[in-house]
Student: 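Sharing a structure, written as structure tokens. Questions coming.
Computed from a prediction, not measured in an experiment: that's the story for all the values here.
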Amino acid sequence: MTNDTAHLAADMPQETGAEQKRLGFWLTLPAQLLVLFIALFPILMQVYISLTDWSPLDGIPWYRAYELWIGLLNYADLANDPRFLSALWRTFIVMVFCVPVQFLLGLGLAILFVDDFRGKRVLYSTILVPMMVVPAVAGYMFFMLFQSGGPVNDILSLFAGRPVTIAWLADPDLALFAVIVSDIWQWTPLMFLILLAGMVSVPQDQQMAAVLLGASWPRRFFTIVLPRMKTIIIIAIAIRVIENFKVFDNFYIMTSGGPGVATETISIYIYKVTQQELIWGYVAAIALAILIILSVVSALAIKKMRNA
């Protein structure tokens, strides 16, 4: 009798827990299906359209795009499209320049702002302002700054002692530099914000113990603070890498991808092919290729975070 009661008492919590899980599953099933539909439908539709030569100009509804089925031809064209490959390479260059500079500037600012000092709140708000500016507005602002008669050339004229009239946005080499500067200006605050949050979360007792043991600031930073920020650093860099594939507003407003295609990143290229050439089947193939690249970047970042 005693043993039966004990077994019954041991089984009851397990049965109750399993019952609660089943109930929770059925109650959240509609929401799960809705989220799954929202996430999967656009991707499945994109895959479907990418296998056709469909365009809205054809007058055929999207659900009848199978009538223009071409299989993997769009992907074959994509692999041999020099303009797509150069836009992808240019996006990679922008990323290589922007992300490290934003990281170093953000880390430097986070180190300065981790301790209290007079005027910290005012400076803190000021540093975050670029991030709050609408990208289109930032684009117009930097378009004005980099004009031949703009403030950038005026400042250079003061240092040079003679009039400087560099055509920043008309020169294929300098135009890319100008748009990179605008991206660094706007998104360094985001890097700063993420890194500061990570730095503040490092346990203070370990740092105090290191201070009592006579460890210098660089040693404390590189042996205690930086290793404990690995996950945060990976997240910050992954966010900026992914975001660099999507830069559009300020780049397009400053140069429209020109002169020629000197500043045509992958997002500007997709916009032009979509809105000007209306080759939607091909655009769907491009978008899927970018999605795969970004998925690989995300997977690598997640793997690094797990090992950090």
Side-chain angles (χ1 to χ4, degrees), residues 25-95 134-136 139 179 238-258 260-302:
F25 171 76
W26 287 111
L27 287 176
T28 59
L29 184 60
Q32 290 183 43
L33 291 175
L34 180 63
V35 170
L36 199 63
F37 175 77
I38 292 171
L40 283 184
F41 180 74
I43 296 174
L44 293 176
M45 184 176 169
Q46 203 171 355
V47 173
Y48 167 58
I49 296 296
S50 74
L51 299 173
T52 69
D53 195 25
W54 182 76
S55 169
L57 290 181
D58 296 332
I60 300 174
W62 66 270
Y63 52 82
R64 285 174 50 202
Y66 61 85
E67 295 176 7
L68 302 169
W69 189 268
I70 57 171
L72 298 175
L73 188 60
N74 280 328
Y75 293 95
D77 291 342
L78 190 62
N80 297 308
D81 184 351
R83 194 172 159 194
F84 164 73
L85 295 175
S86 65
L88 196 61
W89 173 246
R90 215 168 284 113
T91 305
F92 179 73
I93 291 173
V94 170
M95 182 187 70
V134 177
V179 294
I239 288 174
R240 285 310 306 148
V241 167
I242 293 170
E243 287 293 319
N244 262 281
F245 274 85
K246 300 189 293 182
V247 288
F248 178 80
D249 307 60
N250 47 350
F251 280 40
Y252 191 77
I253 287 170
M254 287 177 70
T255 62
S256 299
V261 292
T263 58
E264 188 178 83
T265 57
I266 195 66
S267 55
I268 293 177
Y269 175 62
I270 290 175
Y271 170 76
K272 288 180 177 177
V273 175
T274 307
Q275 299 298 327
Q276 296 173 5
E277 301 175 21
L278 296 170
I279 315 172
W280 284 30
Y282 188 56
V283 170
I286 298 173
L288 273 176
I290 300 302
L291 179 65
I292 291 169
I293 292 172
L294 294 181
S295 299
V296 171
V297 172
S298 303
L300 290 174
I302 291 170

Student: With sequence neighbours left out, which residue pairs that include part of residues 67-81 fulfil the salt bridge (charged side-chain N to carboxylate O under 4.0 Å, His left out) condition?
Tutor: Arg64-Glu67

Student: Apply salt bridge (charged side-chain N to carboxylate O under 4.0 Å, His left out) to Arg240 and list each qualifying residue two or more places apart in sequence or on a separate chain.
Tutor: Asp183

Student: Who pairs with Tyr271 by side chain to side chain contact (heavy atoms under 4.5 Å, CB included), at least two apart in sequence or on another chain?
Tutor: Phe248, Tyr252, Gln275

Student: Run the side-chain hydrogen bond (donor to acceptor under 3.5 Å, both in side chains) test against Thr263 and tell me which residues pass, sequence neighbours left out.
Tutor: Thr255

Student: Considering residues at least two apart in sequence or located in another chain, which fulfil the side-chain hydrogen bond (donor to acceptor under 3.5 Å, both in side chains) criterion with Tyr66?
Tutor: none

Student: Please confirm whether the backbone N or O of Thr52 pairs with a side-chain atom of Asn74, one donor and one acceptor, at under 3.5 Å?
Tutor: yes

Student: Could you pull out all residues at least two apart from Leu34 that satisfy side chain to side chain contact (heavy atoms under 4.5 Å, CB included)?
Tutor: Ile38

Student: Show me the donor-acceptor pairs within less than 3.5 Å that the side chains of residues 285-293 make with the rest of the protein, sequence neighbours left out.
Tutor:
none

Student: Quick one: side-chain hydrogen bond (donor to acceptor under 3.5 Å, both in side chains) partners of Gln32, sequence neighbours excluded?
Tutor: Thr28

Student: Which residues pass the ring-ring contact (aromatic ring centres under 6.0 Å, His included) test with Phe41, not counting sequence neighbours?
Tutor: Phe37

Student: By side chain to side chain contact (heavy atoms under 4.5 Å, CB included), which residues pair with Ile93, not counting sequence neighbours?
Tutor: Trp89, Phe97, Leu176

Student: Mind checking side-chain hydrogen bond (donor to acceptor under 3.5 Å, both in side chains) for Gln46 and listing every partner two or more places apart, or none if nothing turns up?
Tutor: none

Student: Going by the rule side chain to side chain contact (heavy atoms under 4.5 Å, CB included), which residues pair with Ala136 if we only count those two or more places apart in sequence or in a different chain?
Tutor: Val134, Ile253

